[in-house]
Amino acid sequence: MMKKTLKDLNVEGKKVLVRVDFNVPFSKENKKEITDDSRIVAALPTIKYLVENNAKVILMSHLGRPKGEANPDFSLEPVAERLAELLNGVEVKFLDSDVVVDDHVKEEVAKLEEGQVALLQNTRYRKEETKNGEEFAKELASLADLYVNDAFGTSHRAHASNVGVSAILPSALGFLVQKEVEIMGGALENPERPFVAILGGAKVSDKIGVIENLIEKVDRILIGGGMAYTFLKAQGHEIGKSLLEEDKMDLALDLVKKAEENNVELLLPIDFVVSPDFGENAKGTVVEEIPADQESLDIGPKTIDLFVSKIKDAKTVVWNGPMGVFEFPEFAKGTNAIAKALKESDATTIVGGGDSALAVEKAGYKDDITHVSTGGGASLELLEGKELPGIAAVEDK
Ligand code: AMP
């Protein structure tokens, strides 16, 4: 079912309430200093469109986990300032309130003129937010004529500021959420082939749903990262002290069998970078058999060559999860090589949020990837083939 998008709404002169994801990281030393504003940047197309089309824009977001009460450490005020800078002089009225919506906020919203922008205080100052409380949803909805969901990162949650408000106001998806759904959803529904999935990260248990869904859709699955060792152990390999989820070994074998039945090539690492200890100063050694007293912390050079060769002819590539402990440069080579292979590929390349997105950004490859998702949990749920409640709640076309 196609959802309404921003351009399906007549926003001229209307008060438009927009759920954005301004959950940005702050410096540990200076709690008011934003260290990465990419989530604010990602919301700019929707905000600018609304300003240019003479809407009265009311933005809302959560920030961190203030646990349902006002807490200045989680105030969105610094975000309002950063947003104003990014909008090149468009004023952003920060409507501070310990309860997010009160009489003063209502008065200020009523005074908004066409093309003006306001930002409400952190929606998680209210405990009803994460419980999709009806009263809070009504208070938010009372501020506006229309609702737009442009917060992909929280669309896998049913909260008052997305699902609750969608039930009350005429609603549509913002440009960011539209892009996330069209590119990732489109690739999964109707991929150009060969379609290759690369999966990594710490645990098999986090990715079971993703693997099960992708086995029905892809031509190849390349598995690296901590999760690979549960597969290798289940197949009888020595994995030393590498990550293992013993209770997932049977499942790993089932997945391998399912891949065979679906004619999906499932590839595991064939060499490794191991170390006797784990840490910033650990030194890695390349091996083909993992010694019993060592832990594998990255895929080795032969695996890199194998995986890269399997990406070369792909027409669609989806990647989620690092190939090793990429936080330490000594064990980041596998992850960086995959990022580079995606950068150099002519395929539609999609990077699920979280750690792999970070790796692509750190390497400076972001502009060469078709789409780097802004949502970790939300993009995983899309890859699992689930319907995201924050998107499902928006009106159909
Ligand atoms: P996830 O959040 O599931 O995507 O997992 C990401 C985490 O997995 C990162 O913090 C990596 O350091 C970790 N990881 C990846 N490969 C390994 C490995 N071989 N051993 C231990 N941890 C790993």
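Order of appearance sets the numbers: ligands from 1, and atoms from 1 within every ligand. The residues of the chain are indexed from 1 along the displayed sequence.
- Counting only heavy atoms of the protein, atom 10 (O) of ligand 1 lies nearest to E327 OE2, 2.5 Å.
- Residue contact check for ligand 1: P322 places a non-hydrogen atom closer than 4.0 Å to it.
- Considering only heavy atoms from C-beta on, L255 stays 4.5 Å or farther from I221 through its side chain.
- In summary, the atoms of ligand 1 found under 4.0 Å from a heavy atom of L243, numbered by their order in the structure, are 21 (C), 22 (N).
- Atoms of ligand 1 lying under 4.0 Å from any heavy atom of G226, numbered from 1 in the order shown and given with element: 15 (C), 16 (N), 17 (C), 18 (C), 19 (N).
- A donor-acceptor pair shorter than 3.5 Å can be found between the side chains of Q121 and S75.
- At a 4.0 Å cut-off, not a single heavy atom of G200 sits close enough to ligand 1 to count as contact.
- Residues K56 and E114 are in side-chain contact: their nearest non-hydrogen atoms beyond the backbone lie under 4.5 Å apart.
- D355 OD2, 3.9 Å is the protein heavy atom nearest to atom 7 (C) of ligand 1.
- Per-residue contacts place K207 under 4.0 angstrom from the following atoms of ligand 1 (heavy atoms of the residue considered): 3 (O), 4 (O).
- The G201 neighbourhood of ligand 1 comprises atoms 1 (P), 3 (O), 4 (O), 5 (O), 6 (C), 8 (O), with distances under 4.0 Å to a heavy atom of that residue.
- The closest approach between M227 and ligand 1 stays at or above 4.0 Å for every heavy atom of the residue.
- Closest to atom 15 (C) of ligand 1 among all protein heavy atoms lies G324 O, 3.2 Å.
- The nearest heavy-atom contact from the protein to atom 22 (N) of ligand 1 is V325 CG2, 3.5 Å.
- Residue contacts with ligand 1, taken as heavy atom pairs separated by less than 4.0 Å, involve S296 solely via the backbone atoms N, CA, C and O.
- A 6.0 Å sphere centred on CG of D250 holds no more than 12 heavy atoms belonging to other residues, nucleotides or ligands.
- For the 3.5 Å distance criterion, the side chains of E384 and N213 fail to qualify, holding no donor opposite an acceptor.
- Proximity of a side-chain donor or acceptor of E180 to a complementary backbone N or O of T374 within less than 3.5 Å is detected.
- With K4 contributing its side chain and V394 its backbone, the two residues share no donor-acceptor pair below 3.5 Å.
- Between L86 and I47, every side-chain heavy-atom pair lies at or beyond the 4.5 Å cut-off.
- The closest protein non-hydrogen atom to atom 3 (O) of ligand 1 is A202 N, 3.2 Å.
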Any chance you could lay out the side chain to side chain donor-acceptor pair (under 3.5 Å) test for R126 and H62, step after step, and finish with the verdict? CA-CA 10 Å; R126 292 281 293 266; H62 78 288; over 6 Å; no
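- Using a 4.0 Å cutoff on heavy atoms, Y229 counts as a contact of ligand 1.
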